Amino acid sequence: MIACGHSNDQMSSCVLDEETFCRCCQLFLEHSHSLCDGWSWQLVKGSEEGYLRKVALGNVRIRTSSNPNQITDQYIQGASSDQRQGRTSPFTPHKENDDDHNDEQYYDDDDGAVCCMQDSRSSGVIQYEYHILYSYSYQTPVLYFRASTLEGRSLSLEEVWDGVHPNYRQRLQHGPWDTITQQEHPLLGQSFFVLHPCRTEEFMRPVLQAALEEHRQVNYVVTWLSVVGPVVGLDVPLSYCTKVPAPSHTSPSPLQPPALQTQPD
Amino acid sequence: MSDNAESPTETQKCDPSTTQQPTEDSGTTDEKKKIDVLLKAVGDTPIMKTKKWSVEKGRTVQSLSQFISRFLKMEPNEQLFIYVNQSFSPSPDQEVGVLFECFGSDGKLVLHYCKSQAWG
């Protein structure tokens, strides 16, 4: 069950049990298949444990080896030119507001795009492999990933930090070791990057609390992935929000890990 | 969010690939048109004095997030989380106009925001 809060209700703490995790993953997978979004369920040999896996290509900022302080920017963020000139504000207070801000314009100097020198030697295309595992100690999902260039070179931790979406960069720089580190994959024993799960509860709680109050349920994995995915370049299309149901607590669980659609490793 | 917790009836429009292309309108591009956004704080997050905003459709969630962060004078070690439909965190690159099409009701898009030092 998913639980959040302090009542006797099923949803009474912000943790996730493994069975519900599997159910959430199954429902998640069904939508992924309909979108051809590339997720699959992987079983670990000799075990009933499994995880969600996806391989994707993406652009990332890479420090060029010749000039470590120069970042090649492969992103184009959405700053418009007249924004920078301060001519129009994208954010204006709604006219119905009672406050006296109506005549003020709030300028958003979006500095999300920093275009530096393009280095033709760095390809900028990175292959990411994402794994969603269940953590027994945290009772939450955990995102593991690894990244390599198309030539097969694994990215370093610093390069991965460089590749974090600008929206999260400032917070990351304040505590990089709180966020993304390099660890051994608990099922595969290989070196992966991992997004720390220790505070998943903090950003899941508002969602679970609201659902509890409104007597509805959420798909924990969908909500969780929507928060953590974009940090490391993993896109979660909006349709996951509306098309993936929450697991039903009344139906029997057909979704023990071996029943999930699998692919050979 | 409002009582409207069910999915939009026209679920097709939540697929960004089928979003209609902007049309010309008296010389104004679609992205310049504004939508109404209602910002709601959750938990201990400070409540913005001004909650209702008119936002250009083409603005991204990241842009809005930066705006709220500055408005709330957030510390560098804090992270803002934004939720749509109280169940999903839209991608920072998502345009608010698309969110409005999928989740807008009563002529506005309700977004919940939460400040945290959390990560992971």
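Computation of the quantities below employed the complete heavy-atom set of this structure, encompassing side-chain atoms and omitting hydrogens, waters and symmetry-equivalent molecules. What you are looking at is a predicted structure, and each value in this text was computed from that prediction instead of being measured.
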Is any side-chain heavy atom of [X] less than 4.5 Å from a side-chain heavy atom of [Y]?
{"X": "B:Asp93", "Y": "A:His165", "value": "yes"}
{"X": "A:Val218", "Y": "B:Gln86", "value": "no"}
{"X": "A:Asn167", "Y": "B:Ser65", "value": "yes"}

Nearest atoms (heavy-atom pairs only) where B:Asn85 meets A:Arg216: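 Heavy atoms of B:Asn85 and A:Arg216 come nearest at O-NH2, 4.0 Å.
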
Nearest heavy atoms of A:Pro230 and B:Ser91, plus distance in Å: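 The answer is CG-CA, 4.3 Å.
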
Stepwise side-chain contact (heavy atoms from CB on, under 4.5 Å) check, A:Thr242 with B:Phe88: CA-CA 9 Å; A:Thr242 51; B:Phe88 191 86; over 6 Å; no

For chain A, the option from B:Pro90, B:Ser69, B:Cys114, B:Ser89 that forms the most heavy-atom pairs under 4.5 Å: B:Ser89

Steps toward side-chain contact (heavy atoms from CB on, under 4.5 Å) verdict (B:Val42, A:Val207): CA-CA 9 Å; B:Val42 293; A:Val207 170; over 6 Å; no

To the nearest 0.5 Å, tell me how far [X] [atom1] sits from [Y] [atom2].
{"X": "B:Glu75", "Y": "A:Gln170", "atom1": "CD", "atom2": "CD", "result": "9.5 Å"}
{"X": "B:Leu80", "Y": "A:Tyr168", "atom1": "CG", "atom2": "OH", "result": "10.0 Å"}
{"X": "B:Glu95", "Y": "A:Leu238", "atom1": "CD", "atom2": "CG", "result": "12.0 Å"}

For B:Tyr83, the option from A:Pro206, A:Ser226, A:Cys241 that meets side chain to side chain contact (heavy atoms under 4.5 Å, CB included): A:Pro206

B:Ser87, part contacting chain A, at a heavy-atom distance under 4.5 Å: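 When you check distances to chain A, atoms from both the backbone and side chain of B:Ser87 fall under 4.5 Å.
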
